[in-house]
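Encoded as structure tokens, the structure appears first; notes follow it.
Numbering of ligands and ligand atoms starts at 1, following listing order. Excluded from the calculations below are hydrogen atoms, water molecules and symmetry mates; all remaining heavy atoms, backbone and side chain alike, are included.
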Amino acid sequence: MVKAIVVLISGKGSNLKSLCVNDLAKDISCVISNNPQAEGLEIAASAGIKTIVLDHHDYFNREAYDLALSAIIAPFNPSWIILAGFMRILGANFINKFPQQIINIHPSLLPAFKGINAPQQAFNAGVKFSGATIHLVNEDLDHGHIIAQGIIAVNNFNCYNELIKATLKIEHYLYPLVIKKLLNHQYKLIGNKLKLKVVENLYHHETILIAF
Ligand code: GRF
């Protein structure tokens, strides 16, 4: 059976775990890590998912790495390449090989607070709302078309560590939800935009406001 998803990771793999506990391990053909020490590799292995390490230190530059990565992914013929804490920028050549198929999750309400330590950036900026964004990946960092966002009020949190935890909780709820809609073909591609088919565009889950 062709499995629809390849997941790319670099670290802890808590988002990968959220996919596994939400019955998506069966849809993942392979988990690829650029970091040989990534804890997520063990999560994948214990869920019975094939793992591959492609260490970026073994490659001369980004293009060479991206080329090797796309060559590994292509035979799996995935419908979706899911970035789950993959801490590398993917170049245009890679992205153009998988148009509108690469999805990322970022721990802020994009376009605010791109890059690393996004919840810290949000907390320190004193914003009243923060959250997580699922988006299509394009050549610019944390910049592609926004598919879904989960929003929480920040004023309940005393420090950015609390905001980091709350943001991860949103991610772990939202990513499996969105990916299931993709696998069930509950979306429309309009040019370079992806719109989920949903009953309601806006709804609550616990303290999270979800917007599609
Ligand atoms: C998450 O906050 C995700 O939004 C960001 O990197 C972090 C990865 O966490 N892209 P994990 O490896 O899934 O635990």
Quiz item: Hey, is CD on E42 packed in by over 12 heavy atoms from elsewhere, all under 6.0 Å?
Solution: no
Practice problem: Check K180 against L24 and note the closest heavy-atom contact, atom names and distance. | Solution: CG-CD2, 4.0 Å
Exercise. Taking only heavy atoms of E171 into account, list the atoms of ligand 1 that are under 4.0 Å away from them.
Key: 1 (C), 2 (O), 3 (C), 4 (O)
Practice problem: Give the atoms of ligand 1, by number and element, whose distance to some non-hydrogen atom of I105 is under 4.0 Å. | Solution: 3 (C), 4 (O), 5 (C), 10 (N)
Could you identify the single nearest non-hydrogen protein atom to [atom] and state the distance to 0.1 Å?
atom                    : value
atom 12 (O) of ligand 1 : G13 N, 2.9 Å
atom 14 (O) of ligand 1 : S14 OG, 2.5 Å
atom 13 (O) of ligand 1 : N15 N, 2.8 Å
atom 8 (C) of ligand 1  : G85 CA, 3.5 Å

Quiz item: Testing H172, E171, E39 for side chain to side chain donor-acceptor pair (under 3.5 Å) with S14, which one passes?
Solution: H172
Exercise. Could you check whether the rings of Y203 and F212 sit parallel, tilted or perpendicular, using 30° and 60° as the cut-offs?
Key: tilted
Exercise. Report the C-alpha distance between S10 and N35 in whole Å, list the side-chain angles of each, state the deciding distance to 0.1 Å, and finish with yes or no for side-chain hydrogen bond (donor to acceptor under 3.5 Å, both in side chains).
Key: CA-CA 5 Å; S10 297; N35 169 15; over 6 Å; no
Quiz item: Would you call G40 a ligand 1 contact, heavy-atom distance under 4.0 Å?
Solution: no
Quiz item: Less than 6.0 Å separating the ring centroids of Y187 and W80?
Solution: yes
